[in-house]
Amino acid sequence: MRRMRRADPLGLKRALSDRLLPMMVAAVVFLAALALAGALAASQLAERWRGGAAAILTVQVPQPAVALASGQTRIDRVLQVLHGRPEITDVRLMDDGRLGDLLRPWLGTNVQSLALPLPAVVELTIAEDRAEDLDDLDERLAAVAPGTVVERYSTLVRRLTLLARSVQATSAAALAVVVLVAVCVIAVATRSGLAVRREAIQIVHGLGATDGYIAQRFAVRAMVLAIQGAVLGTLLALPVLAGFAWLVKPFSVDPQFDPIWAVLLLLPLATALIGWCTAQMTVRRWLRHLP
């Protein structure tokens, strides 16, 4: 049995070289890793945008310290209305220090020295799926404090989400092309090996070897070479994937699990399956045309 396992009656080690095919597969797997990482990163960013920025509103109250007829200041009246809305889970009045930090890139390092009538800024966090319940918020706030402006980020989030989905679609298309290239590379290498060992295959086939036996031998050889190339391509992609993981980590929905690393485990297995199936189909189709 050991001799049979070590035997190579079809000369597949010469027919399918262990140099060219693994290198070509490594290049394909490297590109596949980049496409998958890009798709996963775009998906996480889109999820974070939908769950983060889409749930935040900003309210700007001009002349916040001006007193109203009721004796309350404009900002106090606005905060009272905001705290009374059940759709709003958190109300945060931005302090002067943070407001100055936001305006510093445009107004300079000393915002307070400009003596500008800065508005009060309030950040709101909306309960999940309750944004539509705040359609009347603009009118309610304008009624108690005229000139109050409500900034919504839903339009921006929709555009960013569309951008992320476009990146995902592009990555998926690139991945499909990469898979097609991998199939073509393995198929061409297999057909080349069949042409090189045509006489030996015809002799073995004439002696009673079945199509399944010959196809199995080629498929195993192609699978082994594909795994070698996949491991090499994965190692080459490892630094790039580590960079993707570092960039996406602040935006990850679940920081404890990064799906990018699962790509490293799936790529060699998927490549082995592609190599085995492609070689099987290529050899069986070629054998059907033998006399």
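- Under the 4.5 Å side-chain criterion, counting only non-hydrogen atoms from C-beta, T148 is not in contact with Q60.
- Counting only heavy atoms from C-beta outward, the side chains of L232 and M23 approach each other to under 4.5 Å.
- Two residues are said to be in side-chain contact when any heavy atoms from C-beta on lie closer than 4.5 Å; P62 and R74 meet this criterion.
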Could you give me the CA-CA distance, side-chain angles and deciding distance for M94 and V122, then say whether side-chain contact (heavy atoms from CB on, under 4.5 Å) is met? CA-CA 6 Å; M94 191 177 297; V122 184; over 6 Å; no

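- Between T234 and F30, every side-chain heavy-atom pair lies at or beyond the 4.5 Å cut-off.
- Considering only heavy atoms from C-beta on, V61 stays 4.5 Å or farther from L141 through its side chain.
- Put simply, the side chain of L267 reaches to within 4.5 Å of the side chain of L36, judged on heavy atoms.
- Pairs engaging residues 272-281 under the side chain to side chain donor-acceptor pair (under 3.5 Å) rule: Q216-Q280, Q280-R284 [sequence neighbours left out].
- Both L236 and V185 are members of a single hydrophobic cluster when ILVMFWY side chains are connected at heavy-atom separations under 4.5 Å.
- For the residue pair A33 and A237, the shortest heavy atom distance occurs at CB-CB, 3.6 Å.
- Cluster annotation: L225 is not connected to M223 through the hydrophobic network of ILVMFWY side chains, with a link wherever side-chain heavy atoms come within less than 4.5 Å.
- The cluster map of Ile, Leu, Val, Met, Phe, Trp and Tyr, joined by side-chain heavy atoms under 4.5 Å apart, puts V25 and L31 in the same cluster.
- Taking the side chain as every heavy atom from C-beta outward, D76 and T73 approach each other to under 4.5 Å.
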Derivation of the side-chain contact (heavy atoms from CB on, under 4.5 Å) call for L93 and I75: CA-CA 9 Å; L93 178 61; I75 185 60; 4.0 Å; yes

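- Considering all non-hydrogen atoms of both residues, P239 and L235 come closest at CD-O, 3.5 Å.
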